[in-house]
Structure formats: structure tokens, C-alpha cells
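The structure appears below as C-alpha cells.
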Amino acid sequence: MSQVRTRIAPSPTGDPHVGTAYIALFNKCFARQNKGKFILRIEDTDQDRSNKKSERDILNALAWMGLDWDEGPDRDGAFGPYRQSERGEIYSSHIDLLIERKKAFHCFCTRERLAEVRERQLKNKEPIGYDGHCLNLSEEEISKNLEQGLQSVIRMVVPDEGECRFEDGLRGEVRINWAQIDMQVLVKSDGLPTYHFANVVDDHLMNISHVIRGEEWINSTPKHVLLYEYFGWEPPMFFHMPLLRNPDKSKLSKRKNPTSIHYFRDAGYQPQSILNYLGMMGWSMPGSREKFSFEEMVSEFNIRRVSLGGPVFDIEKLDWLNGRYLREDLSDHEFWEQFTDWSFSQNRIEKIVPLLRDRVEKFSDVIPLVGFLFGDPPSISRESFNHSFLSATECLEILQLSIWELEKIEDWQRGLVENSLMSLAKKLNLKPKEFLFPLFVSITGKPISISVIEALAILGLDLCRARIRESMAVLGGLSKKNEKALTKKYRAMSE
RNA sequence: GUCCCCUUCGUCUAGAGGCCUAGGACUCCAGGUUUUCAUCCUGGCAACAGGGGUUCGAAACCCCUAGGGGACGCCA
């Protein structure tokens, strides 16, 4: 077999997700095991959502986890560029080829028309998808429309009968009827390719031999297989990994759980233990050994032994594993060194000291005052939220609204945190003192402490969100109905 | 709704037709070590989704049902 090449292809549209690290781990492991290469490609074809900060964060987070790559935007191999936004000419020459071969066509349908079609299909219980309206436009019509500057996209031609069969390396043959497959947009009206198109072109051009990705892609694999066929290319082997799950078994999501790698970093986990833990999701070391390094995983790995039930991401077990790393792998010296790097970095200390100096009379007052910045706050109960007039429900609402508001901050800084919360307080017609009460309890564990705005700024969104969520759970959580009402209220407030 | 995928203790998993009275780990409980706690050690609770086949023999293979998840975007 020619060289094994695998890739991780994150989209820089948000926080670095543990699911990305999970898939990256298996790709890198498989590549290493086969003496191949592991490539990182940035899929930034969504102009609205992609951003440089997210790209930087994802790259840093993967590197922090030990999941560094052989080729990528910052590490050129022979197959660059590794950022899809820099590969425009490649996509346009390839789409021309498909149009020439009549495997792709211009589509001038308006969004309104597409919405109508969808509605009709939904009502008639037909499969949902493009109805082929522009499939047979004449050359003249097309060039006329293009000259007039009508908005258009390019879609792929898909057979309307028969079935697509492809091999999944973990499941065996998968069959999907072509009737289920939509005439996917390949090039958007902004001229950029969609995932389905760019992904196939790039995987081929980058010589990717094995595509190891999440199960969510199974249903669109026929589109990809078809594109390989249209181009006359040999498709790679496909392996669809099970999806990481929330405790309620739904796909792991930040709405319900910490999913950002930043959270785990900020909460003081060891990157090796997270990596080890992810390696236990869907796979197990022969001999049922649970603590193992990446290198050990590489030497024992067998992708055929991946189990397919979606694994629940169980933080309790991660905690146990991480504890073992701390106890077993670090000398006292290393432990202290790493702990202080994590908690007492120069940058952090400079922010903290001014906050506490005026409030202490002796050094022994320091830890009780700001201990919550270095670890979990004192445990809180329902009673912790007793207030002269704010009810538990009101506290819950304030907390939820605060999360939503804080999540909108792109660049986490003190001033922005303050503005966002103070304007929220104003909209709620609450004095800052009242509004901040539940936040004080959630974040610091006490109704009175150093400035909670400062604390939020220092702790970062991920840790704060986790604490606020925990408090909400202590308070019994928002009912579905309340949450819905609150969502509505929030939307109205934001306008 | 349509299609696809999945299904072993609460959770992560072992299991390639007889080694299964189903093993390990987390959690929880009990006991031991320890001045306390934690660690550590010992023990315990706890699962093959259900029903049909195939087979001398099924957790494993096939079918049906149920349950869960995912996809159905000019997001990836």
C-alpha cells in the first residue's frame, strides 16, 4: 500500500472541541501506527462563521493535547496550502471540470422557492431535497442569467434511482438509495465551495488514504463517493467513529456539558490524561489496561477493534484517571512546578494581587479570600441563594441570561464582561448589587467577595459557565417551559 | 416524517459460536491499612433490550420489534 495519510479538518468557527481532539487522536494514532503522515487542514469556507481567533485556538489546543501534525497551515508539506480559503483556484478549476462533464449545473433558484419546495415535500411526506428545477437549463439561459448577475450556486448531479454502496471500515457495506441523496450545492453563491466539494478535492489532492471522521458523516458519504467517481479518482477508505455523547446520550454539546478543551485546561487537567481518556472512548487497550500513553496506544492500536456504541463522556472517570496521572507520574517537584504554572502565572497574579491587597490584613487572609480563583468554590446549596427578595426562580433566570450574554463576548476582557453584565442588569431593571448576587454565589461561593466582574474576567468563560450551570442545577434548574419563555424574553431584550 | 447507524452492569468496556456461573474499570456500599482524610488493599451491588430463527451449542450469526442516536442547510 502507498503511504498512509490521515487528516483532521476542523472548521474554525468556535471553541476547540474535545470531539475534534477525539477524532484527531484516532487519525494521528492510525497514521503513526502505519508509519504515515497526519495532516491538519483548516476548513474555513464558511465566511460568516470562520475566524482567525478560533483557528488559532484550535491549533494551540490540539498542540497542547499532544496532537500535533506533520503538515498543516504552519508546517508546510508538499500538498499546501492547508487552509481552504487559500485554495480558491483549485476549486474553481475542478468545478469547471464537473460542469464540462455535465456532472454539475448552475442553479438560480431563490431561497424562497427552495423553502416552498421543502414545505411541499414535508407536507407530502416526500424525501426532502432539491427538485431539479434548474437541471436542464439551456446554455443560453444559463449565460443570460449569469450575465444579468443573477445569484446562483452550483449543484451536483445525483442519480435518481438505484443505490449507493460503499465500504465503511468499521461497519462493512453501507447502502443508501440515491433517492435519499440531495443535489448538493458544491459552490455557494459567494463563490466558495461547500464542505462536500472542498473536502473531496482536498482529500484527493492531499493524498489522504484513510478518512477517519465522525458518524454524522455517514449519510453524506454517497455524495463524496459520487464526486470521486465523477473525477475518476480512487476514493479513500472511510471509517466513521461513534459520536461522543452527553450523559443523556445525545451528541456531546456545549449546551449541556463542558466541551471546550479550554475548559479542561483551565480546570487543571493534564493533557495526557484527557488524551488517554479519549483513547478509551470506543476503543480499549488489550489486556484492559486503562492508563496508557499515546505511544503505547499506537503500538497496540487496531482500528477494527473500535466499538460502535456512542460513548458517554463521563467526567467522573476522567477525574479518576487524571488523579492517577498526578499521583503516579509526577515528582513532588514537578507537581508543584506544574501547579504553579497553572495557577500562579505572572499574568494571573498581576491581575489578582491588586484585588486583594486592600481587603486583607495579613497573608493568612489571602487564601480564604481568593481561594475560589484557584479551585472549586466552597460548596453551595439552595440556601446559599436565599436573598431578601430575589426568588430562586429569579436567581435562575439571572444566571441563565448571564450565561447567554457572556457567551456572546468574543474577546474575553474585563471591560467587556462588565459592560455586558451591567447592560443586562439595566434591561432587567435590577440594581447591580441585586443582579450580581446570584453570580457572586455561583462564582465565588459566597454572597460577598472580591469584585465578581474581576473574578469572571480572571477565571474565563469556560470555568464560569461550568460554575453557573452547577449553581443552576443546585437551584433545581429551569423547567423546559421556563427556559422557552426565557429564550423568548432574551431575544426580545436583545433587539 | 424519511433514510442511515447503533444496542453487554448507572457509565467506559472485554467478548471473533463452546474458555461465560459474562471478565475488568469508574461510581456507590462494606471492611482493612492509616492519628483524621485521601491514597492503597480486600470484598460487595450491578448488564448480554425483547421475541423469533440458524446451530449439538448463541452475548456472539440472521430476521422482526422496541429503544437510542445521527442525517435530511448556499454549516462543517
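Here the structure is a predicted model, which means the values were calculated and not measured. Here is the naming used below: chain letters follow the sequence lines, and residue numbers restart at 1 for every chain.
Relative orientation of the A:Phe166 and A:His240 rings is perpendicular, given thresholds of 30° and 60° on the angle between their planes.
Comparing B:G70, B:G73, B:C75 by their closest approach to the side chain of A:Asp182 singles out B:G73. The side chain of A:Met281 lies closest to B:C12 when the candidates are B:C12, B:A14, B:C74. Counting only heavy atoms from C-beta on, A:Asn219 has its side chain closest to B:C4 among B:C12, B:C6, B:C4. Checking B:C74, B:C12, B:A71 against every side-chain atom of A:Ser189, the shortest atom distance belongs to B:C74. When distances run from any side-chain atom of A:Asp46 to the nucleotides B:C6, B:G24, B:C75, the shortest one goes to B:C75. Closest to the side chain of A:Arg171, out of B:C26, B:C5, B:G73, is B:C5. Among B:G70, B:A25, B:C4, the nucleotide with an atom closest to any side-chain atom of A:Ile218 is B:C4. Side chain of A:Arg245, nearest nucleotide from B:G68, B:G73, B:C4: B:G68. Nearest nucleotide to the A:Ile176 side chain, out of B:G73, B:C3, B:C75: B:C3. For A:Ser307, the side-chain atoms get nearest to B:A14 when compared with the rest of B:C5, B:C75, B:A14.
For the pair A:Leu186 CG and B:C75 P, the computed distance is 12 Å after rounding to whole Å. To the nearest angstrom, P of B:A76 lies 14 Å from CD1 of A:Ile58. Counting to the nearest Å, the C1' atom of B:A71 and the CD1 atom of A:Ile181 are 10 Å from each other. Rounded to an integer number of Å, the gap from A:Met285 CE to B:G24 C1' is 15 Å. If you measure from atom CD1 of A:Ile315 to atom P of B:C12, you get 14 Å, rounded to the nearest angstrom. As rounded to whole Å, 14 Å separates atom P of B:C72 from atom CD of A:Glu215.
Side-chain nitrogen and oxygen atoms of A:Lys317 include none within less than 4.0 Å of the OP1 or OP2 phosphate oxygen of B:C28. Considering only side-chain N and O atoms, A:Arg289 lies nowhere under 4.0 angstrom from the phosphate OP1 or OP2 of B:A14. Look at A:Thr45 and you'll find a side-chain N or O under 4.0 angstrom from OP1 or OP2 of B:A76. Residue A:Lys251 places at least one side-chain N or O under 4.0 Å from the OP1 or OP2 atom of B:A71. Contact check, A:Ser250 against B:G69: no side-chain N or O comes under 4.0 Å of OP1 or OP2. In this structure, A:Arg327 reaches the B:C40 phosphate: one of its side-chain N or O atoms is under 4.0 Å from OP1 or OP2. Phosphate proximity of B:U7 to A:Lys249: absent, as no side-chain N or O sits under 4.0 Å from OP1 or OP2.
Across all strands shown, A:Arg305 has heavy atoms under 4.0 Å from sugar-phosphate atoms exclusively, and none from any base. Among the heavy atoms of the strands lying under 4.0 Å from A:Arg111 is at least one base atom, whether or not backbone atoms are also near. Residue contacts shown for A:Cys109 include a base, since a base heavy atom lies under 4.0 Å away. Within the nucleic acid shown, A:Leu192 has no heavy atom closer than 4.0 Å to any nucleic acid atom. When heavy atoms are screened at a 4.0 angstrom cut-off, A:Val312 is found touching the sugar-phosphate backbone but no base atom. Residue A:Glu290 is in base contact, counting any heavy-atom pair closer than 4.0 Å across all strands shown.
In this structure, A:Arg32 is not positioned above the aromatic face of A:Phe38 in the sense of NZ or CZ being under 6.0 Å from the six-membered ring centre and within 45° of the axis.
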Could you pull out every donor-acceptor pair under 3.5 Å between side chains of residues 10-20 of chain A and any protein atom, sequence neighbours left out?
residue, atom, partner, partner atom, Å
A:His17, ND1, A:Gly19, N, 2.8

Anything under 3.5 Å between a donor and an acceptor, one on a side chain of residues 110-119 of chain A, the other on a protein residue two or more places apart or in another chain? List them.
residue, atom, partner, partner atom, Å
A:Thr110, OG1, A:Arg113, N, 3.1
A:Arg113, NH1, A:Asp131, OD2, 3.3
A:Arg113, NH2, A:Asp131, OD1, 2.7
A:Arg113, NH2, A:Asp131, OD2, 3.1

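The nearest heavy atom of RNA chain B to A:Cys107 and to A:Trp283 marks one nucleotide each, and the one closer to the 5' end goes with A:Trp283. Place A:Gly129 and A:Ala9 on RNA chain B by their nearest nucleotides, and A:Gly129 ends up nearer the 5' end.
Scanning both residues, A:Tyr130 and A:Cys107, for their nearest heavy atoms gives OH-SG, 3.3 Å. Nearest heavy-atom pair, A:Asp203 versus A:Tyr228, reported as atom, atom and distance to 0.1 Å: CB-OH, 3.4 Å.
As the counterpart of B:G17, no nucleotide is assigned, since no Watson-Crick or G-U wobble pattern has both distances under 3.5 Å. With both pairing distances under 3.5 Å, B:A49 is matched to B:U65 as a Watson-Crick or G-U wobble pair. Pairing for B:C72 is with B:G1, a Watson-Crick or G-U wobble pair whose two hydrogen-bonding atom distances lie under 3.5 Å. In this structure, B:G43 forms a base pair with B:C29, meeting either the Watson-Crick or the G-U wobble geometry with both donor-acceptor distances under 3.5 Å.
Residues A:Arg5 and A:Glu71 are paired through a salt bridge, judged by an N-O separation under 4.0 Å between the basic side chain and the carboxylate.
To the nearest 0.5 Å, atom CG of residue A:Leu326 and atom CG of residue A:Leu321 are 11.5 Å apart.
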